[in-house]
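Presented below is the structure to which this report refers.
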Amino acid sequence: MTSSRRKLVVGNWKMHGSRPHNAELLAGIVAARPFGCDVGVCVPFPYLGETAVALAGSDVRWGAQDCSQHAQGAYTGEISASMLAEFGCRYAIVGHSERRALHGEADQVVADKAKAVLGRGLTPIVCVGETLAQREAGEAHAVVKRQLSAVIHTLGHCAGEMVVAYEPVWAIGTGVTATPEQAQEMHALIRAQLHAATEHADVMTLLYGGSVKPDNAARLFAQPDIDGGLVGGASLQVADFVAICRAAG
Ligand code: PEP
């Protein structure tokens, strides 16, 4: 059942950008509408205020790339979900593989972050995905299942409200994209796991991420369980990001 799901394309700027570049990029995205799909950008925290201003009045959404699992307190350097809500964020990415790898974020921490995000009315984009070594060892499904289980268990009856992004680590920033068939296989397994947990699995948005580019987006997005993309590098140039959004529309 794909017809009831509107496609979604979200840009993950990572730690890129500058105020002049962001202004140009956001203006270009706004000017290129309509896309025929939902579109968002997840920007570095300091740029949230000006992103909100630049996108106000448009249907382009914005969000952050991480969120603390804590509501407030002595957590120097952390940003809470209520702070993101104050800046009008629609989304917060949690569990990106770079944070899992570089900041040691365990499955339960990611799950707690997703819960904190949902608790403030934002949508968590929960990233899951296996490394190359895990794929080569035949563990791809088990790894993704374990990562997703923690979130499903922690969110309980709210699990249907998250967006899940399948991002094979070996495809992120490498230029190597999962084939549409590889990506679809994992998305189908993810949706089956969600089916067992929530009656909303059929309407949940499952994104693919990992070297999505203008020339491969359409084939990926045509897969029955792929509802759009989480786009890193190609979200930093107006022409590329717009082309990917058009491929989803
Ligand atoms: C990402 O950072 O989520 C990502 C998918 O990056 P890229 O598109 O550059 O592979």
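When a ligand or atom number is given, it counts from 1 through the structure's own listing order.
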Just by distance, no angles: are the side chains of [X] and [Y] close enough, under 3.5 Å, to form a donor-acceptor pair?
X: Gln184; Y: Asp225; answer: yes
X: Arg19; Y: Tyr47; answer: no
X: Thr177; Y: Asn216; answer: yes
X: Thr154; Y: Gln108; answer: yes
X: Ser149; Y: Gln193; answer: yes

Need the ligand 1 atom indices (1-based, order shown) with element for anything under 4.0 Å from a heavy-atom of [X].
X: Gly173; value: 7 (P), 9 (O), 10 (O)
X: Asn12; value: 1 (C), 2 (O), 3 (O)
X: Gly210; value: 5 (C), 10 (O)
X: Lys14; value: 1 (C), 2 (O), 6 (O)

- Task: Look up atom CD1 in Ile125 and atom CE in Met162, then write down how far apart they are to the nearest 0.5 Å.
- Result: 12.5 Å
- Min over Gly233, Ser97, Gly175 of heavy-atom distance to atom 9 (O) of ligand 1 lands on Gly233
Under 4.0 Å, counting heavy atoms only: does [X] come that close to any atom of ligand 1?
X: Ala171; answer: yes
X: Lys213; answer: no
X: Ser211; answer: yes

- Using heavy atoms and a threshold below 4.0 Å, how should the contact between Ile172 and ligand 1 be classified: side chain, backbone, both, or neither? both
- Task: Name the orientation class of the two ring planes belonging to Tyr208 and Tyr166 (parallel below 30°, tilted from 30 to 60°, perpendicular beyond 60°).
- Result: tilted
- Note on the structure: What one should report as the nearest heavy-atom pair of Gly129 and Val143 is O-CG1, 4.2 Å
- re atom 1 (C) of ligand 1, the protein heavy-atom contact at minimum distance is His96 NE2, 3.2 Å
- Item | atom 4 (C) of ligand 1 [closest protein heavy-atom partner, distance rounded to 0.1 Å] | Gly232 N, 3.6 Å
- Does Glu167 reach ligand 1 with a nitrogen or oxygen that is under 3.5 Å from one of the ligand's nitrogen or oxygen atoms? yes
